[in-house]
Amino acid sequence: MRRRPLAVLTDFDDTAAAQNVAELLLHRFGSPTWTDVRERFRQGELTLKDYQEITFREIQADKATMQAYVREQACFRQHFGELAHFCRKRSTPMCIVSQGLDFYIQALLDDSGHPTMPVHAVRTEFDGSGRIVEYAYDFTYPDAPELGNSKALMVRRFQEQGYHVFFAGDGRSDFEAGEVADTVFAHRQMAEMCSDAGIPFTPFTDFGPVLAMVREYLCG
């Protein structure tokens, strides 16, 4: 039987990026109380959407300053660039699927030579002084917009187009995508959740295993 075409989807913070870039920015430019808000999120009092908007509303930097800091301090995990290049060469869709903010994701993609990689994340609008004035959520379930973007929704959209979906993630917000993706790569909290739920996954700390399985799928 002929294999379905492949699509590679990856989370950004702590997955594609070696760091949690949102927290890098909050540590450097955020209000001193941002960690209190994070704790409320971790305790289940706030959604990720609420936590993110509250903390970035208080950030003391403009867009250009934050993007420059991302370029200085953040990097992609090893073999991410090789995977992106291989997927482009094979015309295989690869994209970032994140509940983070588009402007800092794009800063690292631009700096690393991947400016055209699609980003499905929270879309931000800035005013003339470079401060965020609007957050747009383009990938929410109609009956749960308060939860923000859904990574499982994006996985299903690719599957509905006939793709076999590889998904890589690390955290609680990635688990819903892991439940529906065809092939799962997980580390940290997501790996624990997949183990507990009996969901098969390949562990990773860099994108070497992902690249190897993409090559096997496409060329094997």
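The structure displayed is predicted, hence computed values, not measured ones.
- Remark: Tyr51 OH to Arg40 CZ distance equals 12.5 Å, nearest 0.5 Å.
- Checked by atom type and distance alone, the side chain of Gln99 never pairs as donor or acceptor with a backbone atom of Lys49 at under 3.5 Å.
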Self-check item: Check against side chain to side chain contact (heavy atoms under 4.5 Å, CB included), Ser31 and Gln60
Solution: CA-CA 7 Å; Ser31 164; Gln60 300 299 308; over 6 Å; no
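- With Phe185 as reference, Phe166 is the one residue of Phe201, Phe166, Phe207 to meet the ring-ring contact (aromatic ring centres under 6.0 Å, His included) rule.
- Using a 4.5 Å heavy-atom threshold, the side chains of Asp127 and Arg131 count as touching.
- For Gln78 (side chain) and Gly208 (main-chain N/O), no donor-acceptor pair under 3.5 Å exists by modelled atom type.
- Side chains of Val97 and Phe139 form no contact here, defined as non-hydrogen atoms less than 4.5 Å apart.
- Smallest separation of non-hydrogen atoms from Ala181 and Phe167: CB-CB, 3.7 Å.
- Put simply, Val210 and Val180 are part of two different groups of oily side chains (I, L, V, M, F, W, Y) that touch within less than 4.5 Å, one to the next.
- Note: Arg157 CZ to Ser150 OG = 9.0 Å, rounded to the nearest 0.5 Å.
- Scanning all heavy atoms of the two residues, the minimum distance from Ser173 to Lys151 falls at OG-NZ, 3.0 Å.
- Taking a 6.0 Å sphere around NE2 of His85, one finds it holds 12 or fewer heavy atoms contributed by other residues, nucleotides or ligands.
- Between Tyr163 and Arg4, the shortest heavy-atom contact is O-NH1, 3.2 Å.
- Each of Met193, Glu192, Met190 was compared with Arg172 under the side-chain contact (heavy atoms from CB on, under 4.5 Å) criterion, and only Met193 meets it.
- Following chains of ILVMFWY side-chain contacts shorter than 4.5 Å, one cannot reach Phe80 starting from Leu9, and the two form parts of different hydrophobic clusters.
- In this structure, Asp62 CG and Ile132 CD1 are separated by 11.0 Å, a value rounded to the nearest 0.5 Å.
- Put simply, Leu48 and Leu101 are part of the same group of oily side chains (I, L, V, M, F, W, Y) that touch within less than 4.5 Å, one to the next.
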Quiz item: Would Phe12 and Val119 count as a side chain to side chain contact (heavy atoms under 4.5 Å, CB included) if you check the C-alpha gap in whole Å, the side-chain angles of each, and the deciding distance to 0.1 Å?
Solution: CA-CA 10 Å; Phe12 181 75; Val119 175; over 6 Å; no
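- For the 3.5 Å distance criterion, the side chains of Asp102 and Gln106 fail to qualify, holding no donor opposite an acceptor.
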Exercise. For the pair Glu160 and Arg156, evaluate salt bridge (charged side-chain N to carboxylate O under 4.0 Å, His left out) and give the outcome as yes or no after the intermediate values.
Key: CA-CA 6 Å; Glu160 288 166 2; Arg156 287 194 172 102; over 6 Å; no
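- Residues Asn149 and Thr140 have side chains in contact (heavy-atom distance under 4.5 Å, counting atoms from C-beta outward).
- Contact check for Phe175 versus Ile199: side-chain heavy atoms found under the 4.5 Å cut-off.
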Quiz item: Can you list the steps and then say if Leu24 with Val70 is a side chain to side chain contact (heavy atoms under 4.5 Å, CB included)?
Solution: CA-CA 8 Å; Leu24 279 179; Val70 169; over 6 Å; no
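- Glu23 approaches Arg42 most closely through the heavy-atom pair OE2-NH2, 4.1 Å.
- Here Thr183 contributes atom OG1 and Tyr217 contributes atom OH; the two are 7.5 Å apart, rounded to the nearest 0.5 Å.
- Asp50 and Thr47 form a side-chain donor-acceptor contact under 3.5 Å, judged by distance and modelled atom types alone.
- Tyr135 and Phe56 have their aromatic ring centers separated by at least 6.0 angstrom.
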Practice problem: Assess whether side chain to side chain contact (heavy atoms under 4.5 Å, CB included) is satisfied between Thr15 and Phe204, documenting all intermediate values. | Solution: CA-CA 9 Å; Thr15 301; Phe204 74 101; 3.8 Å; yes
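- Closest heavy-atom contact between Ala121 and Gly100: CB-O, 3.5 Å.
- Contact annotation: the side chain of Arg215 approaches that of Phe86 to within less than 4.5 Å [non-hydrogen atoms, C-beta and beyond].
- With hydrogens and angles ignored, the 3.5 Å screen pairs a side-chain donor or acceptor of Asp13 with a backbone N or O of Val21.
- Ile96 is not connected to Val155 by any chain of hydrophobic side-chain contacts under 4.5 Å among Ile, Leu, Val, Met, Phe, Trp and Tyr, and they are in different clusters.
- Using a 4.5 Å heavy-atom cutoff, the side chains of Arg90 and Cys219 are in contact.
- Val122 is connected to Leu109 through a chain of hydrophobic side-chain contacts under 4.5 Å among Ile, Leu, Val, Met, Phe, Trp and Tyr, so both are in one cluster.
- In this structure a side-chain-to-backbone donor-acceptor pair under 3.5 Å is missing from Arg71 to Ala107.
- With rounding to the nearest 0.5 angstrom, the NZ atom of Lys63 is 8.5 Å from the CD atom of Glu125.
- Minimum interatomic distance between Gly178 and Val184 (heavy atoms only, all atoms of both residues): O-CG2, 3.4 Å.
- When each of Asp11, Asp174, Asp14 is checked for a salt bridge (Lys or Arg N to Asp or Glu O under 4.0 Å) with Arg188, only Asp14 meets the rule.
- Remark: Arg38 CZ to Phe41 CZ distance equals 10.5 Å, nearest 0.5 Å.
- In this structure a side-chain-to-backbone donor-acceptor pair under 3.5 Å is present from Asp182 to Val165.
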